[in-house]
Amino acid sequence: MKVLFDIVHPADVLFFYHPLRKLQDLGWHVLVLAREKDVACTLLDSFGIPFKSVSVAGTGKIGLARELLTRDIRVGIEALRFKPDVMIGFGGVAISHVGAITRIPSLSFYDTDTAKLQTRLTWPFISHLFVPEAYQGNTPAGRTSRFPGIKEMSYFHPDNYRADKANAINVGLDPSARNFLIRTVSWRANHDIGKTGWSDDQLRMLVNRLSQIGKVHISTERALPSDLSGKLYEGRPDAIHDLIAHCDLYVGESATMALEAAVLGTPAIYDGADHPGTVRELESAGLLDALHQEGAAPLLAKVEHLLKPQSRSAFDEARDTYMRRCSNLADYIVDAVIRFARR
C-alpha cells in the first residue's frame with residue numbers, strides 16, 4: 001500500500017512522524033511532499049525523512065493564492081506519479097483538491113476552528129475530516145470524526161517522547177538557573193491575515209523582566225531588534241522541545257507551541273488573536289493561561305502569577321490529570337489511514 005503525506009508546517013512533521021514510521025514498519029510505501037515554511041524541511045532532514053519540496057510559503061493574500069495554485073498542480077503531478085492509496089495532511093488544502101479530481105481518498109486532521117479561509121477551501125473536497133472533540137467550527141456532515149485530546153498527543157504522548165536534558169543543555173539550557181522560552185510569530189499564515197502581534201517594545205519589556213529572574217530563550221519567525229538578538233535560540237530545530245520541557249515557563253504568540261509546552265510539563269501563557277477550542281480546553285483543564293493581546297501590563301501580571309510556587313504545584317497536578325485520559329493519537333492516525341485507503 002502507498003500513502004502520501006502533505007507537510008505544510010513544522011508542527012506537521014511532529015504530528016505525522018510516529019504514524020509515518022509505524023506505517024513503514026507495516027510495509028507501506030511513503031511519499032512526503034513538503035512546503036518550505038519556517039523549519040519544516042530542516043526538521044524532516046533532521047529526522048531522516050526523505051521528501052520532495054513542492055512549494056514555498058507565500059505571504060499576503062496574493063502570495064498565498066499563487067502558492068496554493070502552484071502547490072495544487074505539483075501535488076497533483078506527484079500523486080499521479082506515485083499513485084497513493086490514500087493521502088493525508090494537517091489542513092490538507094491541496095490534497096483535498098487533488099483527491100476530488102483523482103478519486104484518491106484524502107484525509108485531513110485539523111484543529112484551528114478559527115481558520116475560516118482554510119476550511120472554506122478544504123471541507124467541500126476532503127474525503128474525511130478528523131478534529132478534536134474541542135473543535136468548535138463547522139465540519140462536513142457525514143465526513144467528520146472526532147478524537148479526544150489535542151493533536152500534540154501524536155508526538156508528545158509519553159509512549160512516544162521523553163525529553164532529553166543533555167540535549168537541552170547542549171542547545172542553551174542553563175541548569176543552574178530558571179529558564180524561560182518566548183515565542184514570536186510572523187503572522188503570515190492564511191489564518192493570520194490582517195492580524196498582528198507584540199510590538200518590539202512589548203517584547204523588550206517581557207524579556208527584560210524574565211531576564212531579571214533567569215535565562216531567556218527566544219524562538220522567532222520574525223526579525224528581532226538588535227538588542228535582543230543575543231537571546232535568540234540558535235540550537236537544532238529538533239531539540240527545541242527538549243529545551244521547552246526543561247523551562248520554568250513558556251510565553252508566546254504561538255498557540256501550537258503553548259499546547260506543546262503544556263503537555264511537556266511547562267506552564268504556558270498564550271497571548272494571541274485566536275483562541276481555538278483546543279486552547280480553551282487546556283485552559284479549562286488548568287494547563288495554560290490565555291490572553292487576548294491585552295497589552296504588556298496584563299501579560300507581565302500573568303507571568304508573575306505563574307512564577308509563584310503554588311501556581312506550579314497546581315499546574316503539575318492538572319497536567320497529571322489531563323495526561324492520564326489522553327491516548328496515543330499516533331495509533332489512531334495509523335488506523336485511519338488503513339481504514340480509508342483505496343482497496
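Computed from a predicted structure; not experimentally measured.
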* **CA sep, side-chain torsions, deciding dist, call: N160, Y17, side-chain contact (heavy atoms from CB on, under 4.5 Å)** => CA-CA 10 Å; N160 300 336; Y17 175 77; over 6 Å; no
Report yes or no: does [X] contribute a side-chain atom to a donor-acceptor pair with the main-chain N or O of [Y] at less than 3.5 Å?
X: D164; Y: D242; answer: no
X: R71; Y: A57; answer: no
X: D113; Y: G277; answer: yes
X: T220; Y: R222; answer: yes
X: S284; Y: E281; answer: yes
X: D274; Y: P276; answer: no
X: W198; Y: L206; answer: no
X: S96; Y: I126; answer: no
X: T278; Y: I150; answer: no
X: R319; Y: V263; answer: yes

* To do: Identify whether the distance between the nearest side-chain nitrogen and carboxylate oxygen of D201 and R204 falls below 4.0 Å.
  => yes
* To do: Could you tell me whether D316 and R312 make a salt bridge, using a distance below 4.0 angstrom between a side-chain N and a carboxylate O?
  => yes
* To do: Determine, stepwise, if the pair K302 / E283 fulfils salt bridge (Lys or Arg N to Asp or Glu O under 4.0 Å).
  => CA-CA 13 Å; K302 188 65 69 175; E283 184 178 30; over 6 Å; no
Which pair of non-hydrogen atoms, one from [X] and one from [Y], has the smallest distance, and what is that distance?
X: F16; Y: G89; result: CZ-C, 3.5 Å
X: G92; Y: S108; result: N-OG, 4.2 Å
X: P140; Y: T144; result: O-OG1, 2.8 Å
X: S327; Y: M153; result: O-CB, 3.9 Å
X: L224; Y: S229; result: CD1-CA, 4.5 Å
X: D331; Y: K22; result: OD1-NZ, 3.2 Å

* To do: Give me the ring orientation class for Y155 and F47: parallel if the planes are under 30° apart, tilted from 30 to 60°, perpendicular past 60°.
  =>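 Tilted: the ring planes of Y155 and F47 meet at 30° to 60°.
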Considering only heavy atoms from C-beta outward, does the side chain of [X] approach that of [Y] to under 4.5 Å?
X: I104; Y: L4; value: no
X: P267; Y: L249; value: yes
X: P175; Y: I169; value: yes
X: S254; Y: E221; value: no
X: I244; Y: C247; value: no
X: I182; Y: L203; value: yes
X: E152; Y: T256; value: yes
X: L20; Y: F5; value: yes

* Asked: Taking it one step at a time, do V93 and Q118 satisfy side-chain contact (heavy atoms from CB on, under 4.5 Å)?
  -> CA-CA 7 Å; V93 180; Q118 169 103 11; 3.4 Å; yes
* Classify the side-chain pair N179/H246 by whether it contains a donor and acceptor separated by less than 3.5 Å. => no
* **Any donor-acceptor N or O pair under 3.5 Å, side chains S219, R183** => yes
Ring centres under 6.0 angstrom apart ([X], [Y]):
X: H29; Y: F82; answer: no
X: H97; Y: F125; answer: yes
X: F156; Y: H241; answer: yes

Is there a continuous path of hydrophobic side-chain contacts, each under 4.5 Å between heavy atoms, that joins [X] to [Y]?
X: L69; Y: I77; value: yes
X: L107; Y: I338; value: yes
X: F51; Y: I73; value: no

How long is the gap from [atom1] on [X] to [atom2] on [Y], to the nearest 0.5 Å?
X: L181; Y: K215; atom1: CG; atom2: NZ; value: 11.5 Å
X: L259; Y: L287; atom1: CG; atom2: CG; value: 9.5 Å
X: D85; Y: M1; atom1: CG; atom2: CE; value: 3.5 Å
X: N328; Y: I333; atom1: CG; atom2: CD1; value: 8.5 Å
X: E260; Y: L288; atom1: CD; atom2: CG; value: 12.5 Å
X: L264; Y: M257; atom1: CG; atom2: CE; value: 10.0 Å

* Considering the options N170, T266, N167, L173, which one meets the side chain to side chain contact (heavy atoms under 4.5 Å, CB included) requirement together with L243? -> L173
Tell me, yes or no, whether the heavy-atom count around [X] atom [atom1], taken from other residues, nucleotides or ligands under 6.0 Å, exceeds 12.
X: R325; atom1: CZ; answer: yes
X: N138; atom1: CG; answer: no
X: M205; atom1: CE; answer: no
X: E317; atom1: CD; answer: no
X: R146; atom1: CZ; answer: yes

* Asked: When you look at V13 and V39, which way does the side-chain contact (heavy atoms from CB on, under 4.5 Å) test go after all the steps?
  -> CA-CA 10 Å; V13 182; V39 296; over 6 Å; no
* To do: Let me see the working for F180 and V251 under side-chain contact (heavy atoms from CB on, under 4.5 Å), right down to the final yes or no.
  => CA-CA 8 Å; F180 309 103; V251 189; over 6 Å; no
* What do the steps show when you test H275 against Y270 for ring-ring contact (aromatic ring centres under 6.0 Å, His included), and what is the final call? -> CA-CA 9 Å; H275 289 67; Y270 165 62; 5.2 Å; yes
* In this structure, which one of Y135, Y110, F109 forms a ring-ring contact (aromatic ring centres under 6.0 Å, His included) with F130? -> F109
